[in-house]
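Atoms within a ligand are numbered from 1 in the order they appear, just like the ligands themselves.
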Amino acid sequence: MTVKDILDAIQSPDSTSADFAALPLPESYRAITVHKDETEMFAGMQTREKDPRKSIHLDDVPVPELGPGEALVAVMASSVNYNSVWTSIFEPLSTFGFLERYGKLSELTKRHDLPYHIIGSDLAGVVLRTGPGVNAWKPGDQVVAHCLSVELESSDGHNDTMLDPEQRIWGFETNFGGLAEIALVKSNQLMPKPDHLSWEEAAAPGLVNSTAYRQLVSRNGAGMKQGDNVLIWGASGGLGSYATQFALAGGANPICVVSSEQKAEICRAMGAEAIIDRTAEDYKFWKDEHTQDPKEWKRFGKRIRELTGGEDVDIVFEHPGRETFGASVYVTRKGGTIVTCASTSGYNHEYDNRYLWMSLKRIIGSHFANYREAWEANRLIAKGKIHPTLSKVYSLEETGQAAYDVHRNLHQGKVGVLCLAPEEGLGVRDAEKRAKHVDAINRFRNI
Ligand SMILES: C/C=C/C(=O)SCCNC(=O)CCNC(=O)[C@H](O)C(C)(C)COP(=O)(O)OP(=O)(O)OC[C@H]1O[C@@H](n2cnc3c(N)ncnc32)[C@H](O)[C@@H]1OP(=O)(O)O
Ligand SMILES: NC(=O)C1=CN([C@@H]2O[C@H](COP(=O)(O)OP(=O)(O)OC[C@H]3O[C@@H](n4cnc5c(N)ncnc54)[C@H](OP(=O)(O)O)[C@@H]3O)[C@@H](O)[C@H]2O)C=CC1
């Protein structure tokens, strides 16, 4: 039995759930990994110079044992997220520490503590097997998986599962991730695959769409409302391309920051009108490595006021971190919210706290999404209200290059990876719905 037999079953219109359940599992499968004995390979290099193509491998790995509450999924497609870039450059720390810590929790979690880390936090595919206690999903189900892994043995996580003390990001803080032909997930990561999308389109939104939903829309995040002015950094990037869509769909007014005219054009195509090209307008928020320039914050704020008819922003959708955070706090309106989920340019932020407390602003930390939030975000994709922002698709062999593109900001929107899917465009089951949205679905393609 090989993964080819699994692919044949997925591609046959006649396969039943019983057929999938009867398929023997292969002994091994191909997976994208980083290696524990290579974590020092970039020591002493600048972040920018660390090359994911050198650390990312395609290996044959054994199929992991299936535990209670878990599912093995045949992965048709996945996508590159920035967390896989972090893993591949071993920053801010090696993810093998996460696997070691998880491995200490129980006999079953020991499986994760291996000398290789199978990375990837998105997938679209087909359930192959479910473990004891799984009733909601069965072999043959077409699914996407969100990346929240929780144990939920403590009371802390039962109001909001992101608060579980054993909360982890699958494929980053756990092993057996989605950039592979087979993945191991908890069954409460599974959600229905949107019928009108191909495998690679369905795999693209998951992580960033759910994160942007919690960060911007959910009451656990900024709780955006109609008419809000929302400043969105990297508005055509992974997170930003969904934040922009949520702002537009929710009756808010996105102010999109991008770094080129081409990206500005993509934002216009999504329906945004207020756009700031940070390269063309040449903002220099830092005079040198240690000193910010409040005059540049003010110039940026004036530009926002020009675009909004004199209003300041209610919400800043933050993730660049150190480089922009001082400006983000400054330009937020009195009583407004800076909601942050990352620090791509550096995690030691500096801002002038007088502008925060005197103007009663709030900084909210946000991280991924709970199952309900991920489900709601996926539901909006399935209803055709929010669309994938897939630009380019790579093969599994080319994942290193795909991660390199994201690391060097050479990409637009989301970058997809075909795992078992032999070509793009497969897996669409609702052609009529797709036809209604096809222009929006293809908006980011091949640019
Ligand atoms: C969905 C996609 C998401 C993304 O893309 S996010 C971007 C990528 N992610 C990242 O860059 C984050 C990577 N992770 C990290 O950098 C680290 O992961 C953290 C900085 C978040 C945490 O580091 P740690 O070393 O785990 O935490 P500690 O708190 O420094 O050390 C743990 C030890 O410190 C103890 N401790 C915790 N809080 C306190 C406290 N308040 N007072 C005293 N001790 C404390 C703990 O118990 C534990 O102890 P014991 O080592 O003995 O188990
Ligand atoms: N906590 C969480 O749950 C999550 C955290 N993240 C983190 O968020 C960050 C962004 O992820 P994602 O959106 O997928 O990445 P992308 O690279 O796809 O998009 C980020 C965009 O931000 C802009 N940007 C990058 N650096 C700067 C800078 N120094 N100043 C201003 N703008 C900048 C760029 O757009 P442009 O050049 O056009 O301005 C870039 O395209 C990563 O660090 C990632 O790890 C992501 C998802 C979930």
Completion exercise
So CG of N348 and OG of S343: to nearest 0.5 Å the spacing works out to 8.5 Å
Practice task
Verify salt bridge (Lys or Arg N to Asp or Glu O under 4.0 Å) between R214 and E376, making sure each step is shown before the conclusion.
Solution key: CA-CA 10 Å; R214 180 180 176 110; E376 286 173 7; over 6 Å; no
Practice task
Applying ring pair (Phe, Tyr, Trp, His ring centres under 6.0 Å), run through H112 and Y102 and close with a yes or a no.
Solution key: CA-CA 7 Å; H112 292 258; Y102 192 29; 4.7 Å; yes
Practice task
Give a yes or no on whether a salt bridge exists between E166 and R168, defined as a side-chain N under 4.0 angstrom from a carboxylate O.
Solution key: yes
Exercise for the section: Using a strict cut-off of less than 4.0 Å between a Lys/Arg side-chain nitrogen and an Asp/Glu carboxylate oxygen, indicate whether R30 and E397 qualify as a salt bridge. Expected result: yes
Practice task
Report yes or no: is the cationic atom of R53 (NZ for Lys, CZ for Arg) closer than 6.0 Å to the six-membered ring centre of Y404, at no more than 45° off its axis?
Solution key: yes
Practice task
Report the nearest protein non-hydrogen atom to atom 20 (C) of ligand 2: residue, atom name, distance rounded to 0.1 Å.
Solution key: H319 CE1, 3.8 Å
Completion exercise
On a heavy-atom basis, the closest approach of A235 and C267 is CB-SG, 3.9 Å
Practice task
Could you tell me which atoms of ligand 2, counted from 1 in the order shown, lie closer than 4.0 angstrom to a heavy atom of G238?
Solution key: 13 (O), 14 (O), 16 (P), 18 (O), 19 (O)
Handout entry: Closest to atom 34 (C) of ligand 2 (judged by heavy-atom distance), picking from I266, N409, T389
Key = N409
Completion exercise
So the atoms of ligand 2 within less than 4.0 Å of a heavy atom of F368 turn out to be 2 (C), 3 (O)
Handout entry: Ligand-residue contact atoms, ligand 2 with G234, heavy atoms, under 4.0 Å
Key = 21 (C), 22 (O), 23 (C), 35 (O)
Exercise for the section: Heavy-atom contacts with V258 under 4.0 Å: which atoms of ligand 2 show up? List them by number with element. Expected result: 38 (O), 39 (O)
Handout entry: Protein contact to atom 44 (C) of ligand 2 [nearest heavy atom, distance to 0.1 Å]
Key = Y82 CB, 3.4 Å
Fill in the blank from the handout: Chain-and-number sorted residues having a heavy-atom contact under 4.0 Å with ligand 1 are N83, W86, P92, L93, F98, R101, I169, F172, L207, H367
Completion exercise
With heavy atoms and a 4.0 Å threshold, my read on which part of V85 contacts ligand 2 is neither
Completion exercise
To atom 25 (C) of ligand 2, the nearest of E323, M162, R278 on a heavy-atom basis is R278
Exercise for the section: Considering heavy atoms of the protein only, find what lies nearest to atom 37 (O) of ligand 2 and give residue, atom and distance to 0.1 Å. Expected result: S259 OG, 2.6 Å
Completion exercise
Heavy-atom proximity to atom 2 (C) of ligand 2 ranks first, among R214, Q215, K414, H367, for H367
Exercise for the section: Please confirm whether H411 comes under 4.0 Å of ligand 2, counting heavy atoms of the residue only. Expected result: yes
Practice task
Run the salt-bridge test on R445 and E424 with the 4.0 Å N-O cut-off and return the result as yes or no.
Solution key: yes
Practice task
May I ask you to identify the nearest protein heavy atom to atom 28 (C) of ligand 2, giving residue, atom name and distance to one decimal place in Å?
Solution key: P320 CB, 3.8 Å
Problem - Test: K295 and D293 ion pair at under 4.0 Å - result: no
Problem - Proximal candidate to atom 4 (C) of ligand 2 [heavy atom criterion; set T211, N81, N83] - result: T211
Handout entry: S343-ligand 2 polar pair, N/O distance under 3.5 Å
Key = no
Problem - Partners meeting side-chain hydrogen bond (donor to acceptor under 3.5 Å, both in side chains) with R434 (sequence neighbours left out) - result: E201
Fill in the blank from the handout: Which of D228, N229, D314 passes side-chain hydrogen bond (donor to acceptor under 3.5 Å, both in side chains) with N253? Answer is N229
Practice task
Determine whether the side chain, the backbone, both or neither of L239 has a heavy atom under 4.0 Å from any heavy atom of ligand 2.
Solution key: both
Problem - Ligand-side contact atoms (ligand 2) for residue partner T344, heavy atom cut-off under 4.0 Å - result: 9 (C), 10 (C), 42 (C), 43 (O)
Exercise for the section: Considering the heavy atoms of L207, write down every atom of ligand 2 situated less than 4.0 Å from one of them. Expected result: 47 (C), 48 (C)
Practice task
May I ask whether V208 places a heavy atom under 4.0 Å from ligand 2?
Solution key: yes
Problem - Note: R305-E311 ion pair, threshold 4.0 Å (strictly below) - result: no
Practice task
Please work out whether any backbone atom (N, CA, C, O) or any side-chain heavy atom from C-beta onward of A342 is under 4.0 Å from ligand 2, and answer side chain, backbone, both or neither.
Solution key: side chain
Practice task
Before accepting this row, confirm whether a basic side-chain N of the pair K193/D195 lies closer than 4.0 Å to the acidic partner's carboxylate O.
Solution key: no
Practice task
Report yes or no: do E151 and Q167 form a side-chain donor-acceptor pair below 3.5 Å?
Solution key: no
Practice task
With heavy atoms under 4.0 Å as the rule, classify the contact between C341 and ligand 2 as side chain, backbone, both or neither.
Solution key: both
Handout entry: Close N or O approach (W86, ligand 2; < 3.5 Å)
Key = yes
Handout entry: Residue K263 vicinity, atoms of ligand 2 by number, heavy atom under 4.0 Å
Key = 35 (O), 36 (P), 37 (O), 38 (O), 41 (O)
Completion exercise
One finds that the ligand 2 atoms under 4.0 Å from a non-hydrogen atom of T324 are 30 (N), 31 (C)
Exercise for the section: Using a 4.0 Å heavy-atom threshold (strictly under), name the region of I169 that reaches ligand 2: side chain, backbone, both or neither. Expected result: neither
Practice task
May I ask you to check whether D405 and Y394 show a side-chain donor-acceptor distance below 3.5 Å?
Solution key: yes
Practice task
Scan side-chain atoms only and decide if T39 and S94 contain a donor-acceptor pair under the 3.5 Å cut-off.
Solution key: no
Practice task
State whether R322 and E350 are salt-bridged, where the test is any N-O pair (Lys NZ or Arg NE/NH1/NH2 against Asp/Glu carboxylate O) under 4.0 Å.
Solution key: yes
Handout entry: Pairing of R268 and E261 as salt bridge, 4.0 angstrom limit
Key = yes
